[in-house]
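Step one of this worksheet: look at the structure below.
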Amino acid sequence: MREGGGSELRFEGVEGERTRKVRLKPINRQQMMLRPIEVDRLVPEDHEVRAIWEFVGRLDLSRYYEAIEVVEGEAGRPALNPHLMISLWIYAYSKGAGSAREISRLCEDDPAYQWMTGLESVNYHTLSDFRVKHKEGLDELFTQILGIMSAEGLISLERVMHDGTKVKACASADTFRREERIRAHLECARQQVEQMGDPLSSEEVSARVGKARQRAAREKQQRLVLALEELGKIRGAKLSQEEKQGARVSMTDPEARVMKQSDGGYAPSYNVQISTDAKEKVIVGIGVSQSGSDYGELVPAVDRVEANVGQEPGQVVVDGGFTSRDNILAMSERELDLIGSMGTGTSQSAGQMKRRGVDPSFYPEAFHYDGISDTYSCPAGKILRANGEEKRPGRTNYKYRACATDCQRCPFQQKCCPQNGPRSIVRGVDAPEVAAFIAKMETDEGKKIYRQRGPVAEFPNAWIKDKIGLRQFRLRGLVKVGMEVLWAALTYNIKQWIRLCWRPQWA
Ligand code: SF4
């Protein structure tokens, strides 16, 4: 075979004894071509980018418009429409694109983004700033979206499933330092800022680069100051002296905390709290906490739902991580029906007994309580008398103690109280609200409702992590990660609206 001349390629083939040339269509990559584009036909009628545009168009964006400084009749580049910026971020999040640079690139060559922008390019700095600039505006958007969904019958608030999930912070574990190291870094950062002087007078680099370097050095200094403040907060918590001395904080994201992950490992994270209405799995409340435990997050979560939707949920369903006696009392006080998982437990657990070296045959169950005399009798037949009480939220612990001489002379002493006799027993009595909760959770109805918790509560958690890709925050600091989860919740809810209300019209 050989190549033909000019722009046409020719090959020789053999057919029998005759040879003939074949002709192939040429590929010309040097040519220039102009093609008309009908922007509105870049995406089909039922494309979800149109649904997002339509939904955002229903929202009152006046707070965003008020913040725009460029006005008609005055100089300056026109601002990008907040309707466009909000729609871009929501569509991008729904496709798992969470970086401003990536969205800016997609605006250049993805038909859905091109349709949205009308073929205009959008600078990534503008996108990035917009995402974190309007905290109050974003809160208001979330409330407005819930108002629309509620009006369309997608929210009932009869039953809300609440759950927490850990999302990794934008900081690695090796950025955590103790106070001495942070102070040393802070001193270096201060000196660096002072030595930089005026970036406009530098001859080595351009003014733009100089300003960027100065801004980066200042931000580093601010982060280190914040790190020292966060260290103070950690030390203010109930920690032992040893824990206080060993307290460390991240120099990259000082507000992140090391938390246990679902895989059993530990990583710098934030605790994302999500309240989901059971009717159509709409997120009715979302927040971020620095606490690794969920116990203290239930009351703020109910407050958030009330603030967002204007009323308290009728019933809240939570897992064992939220079901404490304090929370049972708090929900009872608000006349809110709580469904959760809590073992009846004893005041002296098997674990405590084991740690004290008590033989299983002398665990509290082996002691007999007599309600008339308010005493216990031990396996050796001796009497344990009342010896004080301890009041805790939702429970009172009554203490009983054996006579010291009885235990000293007892042949079972090594099995019953090997560490420090005489033996004592604690009888816990739950408050009426807690006892009623435990009784409710033993009924078939209580168990049936609790079984619905997993599929509803864990669905938005999984969606946000899998579809939006929010397994690790892209932003740093409590306020900014709070905005990142709010964008994720907005996106999730609008996707639910598209599935339930918008999509059926095209079916
Ligand atoms: S050690 Fe004391 S409490 Fe235990 S069985 Fe003997 S007498 Fe009873």
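Numbering of ligands and ligand atoms starts at 1, following listing order. Hydrogens, waters and symmetry mates are skipped; everything else that's a heavy atom, side chains included, is used.
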Response to the item:
For atom 6 (Fe) of ligand 1, protein N, O or S atoms at a distance below 2.8 Å amount to 1

Discussion item. Is it the case that the ring center of F367 lies less than 6.0 angstrom away from the ring center of Y376?
Written reply: no

Worksheet item: For D60, does its backbone N or O pair with a side-chain atom of Q144 as donor and acceptor, under 3.5 Å?
Response: yes

Worksheet item: Which residues satisfy the ring pair (Phe, Tyr, Trp, His ring centres under 6.0 Å) test with H134, sequence neighbours excluded?
Response: Y64, F130

Worksheet item: Partners of F437 by ring pair (Phe, Tyr, Trp, His ring centres under 6.0 Å), sequence neighbours excluded?
Response: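 F437 satisfies ring pair (Phe, Tyr, Trp, His ring centres under 6.0 Å) with no residue once adjacent residues are dropped.
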
Fill in: Donor-acceptor pair between N387 and Y398 side chains, under 3.5 angstrom
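No - no donor-acceptor pair under 3.5 Å links their side chains.
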
Worksheet item: Tell me the salt bridge (charged side-chain N to carboxylate O under 4.0 Å, His left out) pairs involving residues 134-148, sequence neighbours left out?
Response: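 Salt bridge (charged side-chain N to carboxylate O under 4.0 Å, His left out) check on residues 134-148 returns R63-E140, K135-D139.
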
